[in-house]
Amino acid sequence: MSSAVEVRAVSRTFGGRKGASVTALESVDLSVAPGEFVSLIGPSGCGKSTLLRLIADLDTPTSGELSVFGKPARQARVDQDYGIAFQQAGLLPWKTVTGNIELPLALHGVGRSERKARVSELLELIGLTDFAGHYPDQLSGGMQQRVAIARALAESPKLLLMDEPFGALDEMTRERMQNELVRICAETQAAVVFVTHSIPEAVFLSDRVVVMSPRPGRITDVIDVSLGGPAERDDSLREDEAFFRGVAKVREALHGVPVAGARGVDTR
Amino acid sequence: MSATTATIPERALARGSAYRTVVAPIVLGVAMLGLWQGVVDGFGIEQYIVPTPTDIWHEITDNLGSIVDGSVSTGVNALIGLVVGALVGILGAIIAGVWRIFDTIVAPLVAALAVMPIVALAPVLYTMYGADKETARQIVAAVAVIVPVYINTLRGLRQVRPVHRDLMRVYAASARQQQFAVTLPTAAPYVFTGLRVASSLAVISALIAEYFGGPIGGLGKSITSSAASSNYALAWAYVFGAIVLGLVFYCAALAVEMFFTRHRSTP
Amino acid sequence: MTRRSAPLGRLALGALGIAAVIGVWEAYKAVAPDTGVVIGGTTVLPRSSDIAMPHVWDMFSRLSDPVIGTIGDTMWQTVLDAGLFTLRIAAFGWIIGVVVGFALALVMQRFTIAEAAVLPWIVLSQTVPLIAIAPLVRRWGSQITIGGFEWQSEHSVAVIAAYLAFFPVAVGVLRGLKAPDATHVDLMHTYGIGWWRTLFSLRLPASVPFLLPALRLAAASAVIGTVVAEVSIGLRGGVGRLIIEYAQSASSDPAKPWAPIFAAIAVGLVAAAFVGLLGLALKPYRRSEIPA
């Protein structure tokens, strides 16, 4: 079985004004297995969003090769092999929750009754059944983001691309959304590429955390966290020793050196 | 707890401001009318110089039928002009939104239309369409409407948020699908803003065009003929009709705008 | 995304647009029947005779002929004089309108109660047809004599131009004065600065992006108001009067009425260009502006 995402020696350079150019990504290699949850983490300008946009074929690499389920990214986009969610929910303000969730289905010619059935399934999944007729401006930020995730899942993709989807939410809502995402991923069996700049978020959600650094953007480390199946990933995990170890490992990778006074390290 | 303490003053404020938006302008209007009446009466100013509000009110009630007929005549011209001009403006903007080059080509024409007194075209339009027809007036109104509708619609068509554009690309939507799913709905509020601005322009243009010739019966002709015979109270009675007509157009456009933008407060 | 074509290319395309209008005009004349296209009693397309729709080149060549007969001032000299006359009055009206509009906006920003009370009336004021007030303004004006100053008809015209011009300024400046972020206003508040200092250091600079379109609209409105008021007051010397006067001779000299129309467009463009120059001077304050 081909991997969900295969990135080979991909670079992306943006031409600046007066000949100056910025290397957003420099020869990046990455492979995401089907059903695997991979987070991309790093400071601003490390190219994590650029990498996600390349996978989504919202942008094209300057050099290198990129495939999604063994197809070129463009073909995968045309075939709708993935769903995507952005930092802004990006809901259409003039459509109801239902209208927003069924948007991709309507665009791709899915019949009315089939759409209706799928939307009610998804509303169930995100727990917003009572809000089907509401407009986005009547929802909280967290609810809007849940609708955006339902929209991304509408066509049951085997790959989910998420660009800081919880970045604009408060910490409490954020943790609740993370719990839900774990559950949703378990139910849908989709692979996920998840861009974030929150270390605990990456550790809590991921099988692997890809650490990136800026100027030029590249991958500096890949850390295996895999804190167990979805059943074990609940709020108690957030206070678990394994979770803290994962957070420390990612933090060290981000800073490039072991952090002084880190857990379990004798500094005397 | 913080939620309740925060909302109470906010709600009180909202109630206060709603109260103010209705009562304050009425108080001011009544005060100005009273002052007007008082000054004219108090200083014994002759009616042919400045009629009092009560003089005007008597003329309004005495000539109500004629004022209504005039409003209908002028209003129909304004409405036809508004519809035709809006269609031309919106279609033009959609074309310019798809092919940028069209915008550049019509730029000097739009600039000229924006700065010229459209009613100046009225005399030549009467020659072209016949001085006994209403067509010239409708065209003046339509031309006056085109520019604000075109400019606002085009601005709206260019407001598509990057996240929505990305989304359409992700869905591999066709240009047509993108136009109907995202671009046109995004532009809609701007179209209605343009229509609101254009609505009172249509009335004023149709009315002023009457001054440059054409058949009698409209408000504009009635105003000028009463003013010409120094019956200023009657002239103001027709002006009142014109104000009401303008308000009807404006409020109708505003209502349509508010209806279609009711869910646009947050993106 | 917004690829700007070269200014020369834009100029050429703009010229193409004007050429297209001329082409449509002449093509219609060549094809359509003289009586126009009448469907069910209404003239849908205009008459295309040389009297109703003169050739475009006749309109332009008419400019170099004398106004009447074969001797005397040429047409372009006459309309140029009239255009300058109108421009002068419009400028006067524009200045009055800008001052009044600005003052109203300041009062409305300072006192919310004033905004609630006055703004609806400002919007309403623009539905009052000018022509109705024009004879009244002249009549009232004729009673005014202050010292050596005697009210002239052209003052009445300027007042009416100002009546149209103040509206976009009042509304635009009010929006501009309210434009600063709440955080900036709070910041000024923490600095313990009063309303006037906040006005000069924050609100006025922030209002520039709103001010310029308002001034441009006001300039166009002032020109329109001047031309229409010239007609309704019957003031001689300006473009408005020529439009009415020359329309009388349309049947014998069909190209004649177009000369003052071109003059009216030219006056409007000059006024808009002047505001454009003002915009250049205020460039440092326009950094946040999003190109339309």
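For clarity, every value in this text was computed on a predicted model and none was experimentally measured. Each chain gets a letter, A, B and so on, in the order the sequences are listed, and its residues count up from 1.
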Side chain, backbone, both or neither: which part of [X] has a non-hydrogen atom closer than 4.5 Å to chain C?
| X | answer |
| --- | --- |
| B:F240 | neither |
| B:I243 | both |
| B:A120 | both |
| B:P25 | both |

Counting only non-hydrogen atoms closer than 4.5 Å, does [X] touch chain B with its backbone (N, CA, C, O), its side chain (CB onward), both, or neither?
| X | result |
| --- | --- |
| C:V231 | both |
| C:V239 | neither |
| C:I113 | both |
| C:L217 | neither |
| C:V267 | neither |

Considering only heavy atoms from C-beta outward, does the side chain of B:N231 approach that of B:E59 to under 4.5 Å?
yes
Would you say C:F274 and C:R216 make side-chain contact, with heavy atoms under 4.5 Å?
no
Can you spot which of B:V197, B:N152, B:L113 makes a side-chain contact (heavy atoms from CB on, under 4.5 Å) with B:V147?
B:L113
Scan B:K221, B:K133, B:E134, B:E210 and name whichever one has a side-chain contact (heavy atoms from CB on, under 4.5 Å) with B:P215.
B:E134
Pick whichever of C:P257, C:G14, C:A220, C:A266 has the most heavy-atom pairs under 4.5 Å with chain B.
C:G14
Verify the neighbour count for atom CZ of C:R175: are there more than 12 heavy atoms of other residues, nucleotides or ligands below 6.0 Å?
no
Less than 3.5 Å apart, any donor N or O on the side chain of B:N77 or B:T74 sitting next to an acceptor on the other?
no
